[in-house]
Student: 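To start, I am sharing the structure in question, which I have written as structure tokens.
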Amino acid sequence: MDDIKTLNVKVKFFALGRELIGQGELQLQLPENNSVAGLIEKLKEEYPRFAQLNSYLVAVNMEYAGVDTELKDGDEVAIIPPVSGG
Amino acid sequence: MDDIKTLNVKVKFFALGRELIGQGELQLQLPENNSVAGLIEKLKEEYPRFAQLNSYLVAVNMEYAGVDTELKDGDEVAIIPPVSGG
Amino acid sequence: MIEMCEEKIDVQKVIDAAQAEDCGAVTVFLGTVRNHSRGKEIIRLEYDAYPEMAVKMIQKVVDEAKEKWDVRKAAVAHRTGILAIGEIAVAIAVATPHRQEGFEACKYIIDRLKQVVPIWKKEVAFDGETWIEEHA
Amino acid sequence: MIEMCEEKIDVQKVIDAAQAEDCGAVTVFLGTVRNHSRGKEIIRLEYDAYPEMAVKMIQKVVDEAKEKWDVRKAAVAHRTGILAIGEIAVAIAVATPHRQEGFEACKYIIDRLKQVVPIWKKEVAFDGETWIEEHA
């Protein structure tokens, strides 16, 4: 029987997201072969308040990325609420 | 017999105009009831090189003025070559 | 020069970083903190940012501007943290040979910055705080 | 603040003079001395001016801009005399509640300044000097 392989990702939160999660950064462990969509599911399970963030983009390793983007061990994922710089 | 009345105007020159006249400012005496056109005639007579300035506007008391503008004693007239500030 | 900074922005430094001897125009945009917004009196702003990605995205926006116009040099500084009324949140300077393209490029950079760069603004008013969501 | 000055323009001072707490945008234009023009290498520029009328006409141009856009404050400084490559000949700063009108107003002021304000530029190149006549 094989070990279930996992991947570790760092997840960063900003603005309202940071306030809802209660911190700016999490380490999450996911089963292997996972995507941004899987990460979002896990966040919603573990942090019910995250669902209050009703609009956001996701960046993987500082590039905007779609929900199908595959995650690799060590990736840095960021939850990007609508920006308002300037 | 009346005295011939005259009016005194200060005439200012800039840029190429200043170089052609050889100075930045003249005092000119003109017969009364004279206009910008009369002043220009007198300038051309007394300063033949002035004719080399082939494009200019005229300001009277720091307002752009047409050639028919009447001159009064004490007016400040300026010969304004095409501007190129900025 | 592209910088996220926690201290006051030194506008002269941003302008100096965008000076180029083959350019006749430096166009500068400063975004400042207004004393009112959406009908409310503002006490202060608080900026959150993802600084490493913000620098990367600002560079991307500057590169886009350089593709569209003859921008020879550009510098951008964006403040983070707590800002008082009148303080400068963002400074953008671009050097171009001629002025028309300078205005266009500078406007493009601030418009795109507000759309894509991961920086967030919270308005603090007497009756509460609001994270602003705008692409205006 | 509208100023004709023989010394170097203090850009920060021009910007400070245009700061307004009810404005979110300060748009700045700096005209700088390029090292080449009309295919020639430039050594320096010399600006002549009719300073009293220039100040009056710049005020008129600023007033025109204020009629067209919601410009709350504006400041303009123009240099005279001999300028080296890279030096600032003119600095314009306008404060507006929003940025779009800031870019338009600032562009209007520099465009009109170049058309109507009695200031003249002589380009000094290696092969001679030329008074520039341009409404560009």
Side-chain angles (χ1 to χ4, degrees), chain B residues 7-28 35-37 39-40 42-44 47-86, chain D residues 2-5 9 29-34 37-38 45-61 76-81 83 87-92 106-123 128-136:
Chain B
L7 54 88
N8 288 282
V9 295
K10 186 197 285 183
V11 191
K12 293 178 84 94
F13 301 92
F14 301 95
L16 182 58
R18 188 200 291 271
E19 290 179 358
L20 290 170
I21 296 292
Q23 54 197 306
E25 195 172 312
L26 292 176
Q27 290 288 343
L28 279 192
S35 66
V36 166
L39 172 72
I40 297 293
K42 188 165 170 93
L43 274 177
K44 284 183 180 165
Y47 298 86
R49 294 188 68 205
F50 180 70
Q52 293 178 42
L53 191 67
N54 51 25
S55 174
Y56 55 87
L57 296 173
V58 175
V60 177
N61 301 325
M62 299 198 275
E63 295 277 356
Y64 288 110
V67 289
D68 296 334
T69 306
E70 292 248 328
L71 294 176
K72 303 180 310 295
D73 192 58
D75 277 350
E76 178 172 299
V77 179
I79 304 298
I80 312 276
V83 303
S84 52
Chain D
I2 293 174
E3 238 176 49
M4 300 295 291
C5 46
I9 292 175
F29 177 79
L30 306 176
T32 56
V33 179
R34 284 207 290 167
S37 175
R38 286 150 246 268
L45 292 187
E46 296 180 15
Y47 280 91
D48 194 6
Y50 184 7
E52 303 84 358
M53 182 174 168
V55 166
K56 200 174 154 175
M57 292 303 294
I58 293 171
Q59 184 63 59
K60 205 170 209 167
V61 167
V76 179
H78 201 297
R79 184 87 180 273
T80 56
L83 274 77
E87 287 196 290
I88 296 169
V90 61
I92 299 170
C106 195
K107 181 172 186 308
Y108 180 87
I109 292 172
I110 181 63
D111 285 351
R112 289 287 289 157
L113 184 151
K114 283 173 176 269
Q115 288 168 350
V116 301
V117 176
I119 302 173
W120 299 267
K121 170 167 51 193
K122 184 159 74 173
E123 289 180 353
E129 309 181 342
T130 317
W131 285 106
I132 303 306
E133 303 192 358
E134 62 175 348
H135 300 284

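Since we're looking at a predicted model, the values are computed, not measured. By convention in this document, chain letters (A, B, ...) are assigned in the order of the sequence lines, proteins followed by strands, and residues within each chain are numbered from 1.
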Student: Tell me, for D:K122 versus chain B, whether the close heavy atoms (under 4.5 Å) come from the side chain, the backbone, both or neither.
Tutor: side chain

Student: With heavy-atom distances below 4.5 Å as the criterion, would you say the side chains of D:I92 and D:C106 are in contact?
Tutor: yes

Student: Tell me, side chain or backbone of D:A49 under 4.5 Å from chain B's heavy atoms, or both, or neither?
Tutor: backbone

Student: Which bit of D:I110 is near chain B, if near means a heavy-atom gap under 4.5 Å: side chain, backbone, both or neither?
Tutor: side chain

Student: Quick one, B:L43 and B:I79 - any side-chain contact, counting heavy atoms below 4.5 Å?
Tutor: yes

Student: Out of B:E19, B:E63, B:K12, which one racks up the most heavy-atom pairs below 4.5 Å with chain D?
Tutor: B:E19

Student: What part of D:Y50 gets within 4.5 angstrom of chain B, counting heavy atoms only: side chain, backbone, both, or neither?
Tutor: both

Student: So which residue, B:L16, B:L57, B:N61, ends up with the most heavy-atom pairs under 4.5 Å with chain D?
Tutor: B:L16

Student: Compare all side-chain heavy atoms of B:P81 with those of D:W131 and state whether any distance is below 4.5 angstrom.
Tutor: no

Student: Does the side chain of B:Y47 come within less than 4.5 Å of B:L20's, by heavy atoms?
Tutor: no

Student: Ring centroids only, cut at 6.0 angstrom: are B:Y56 and B:F13 within range, meaning strictly under it?
Tutor: no

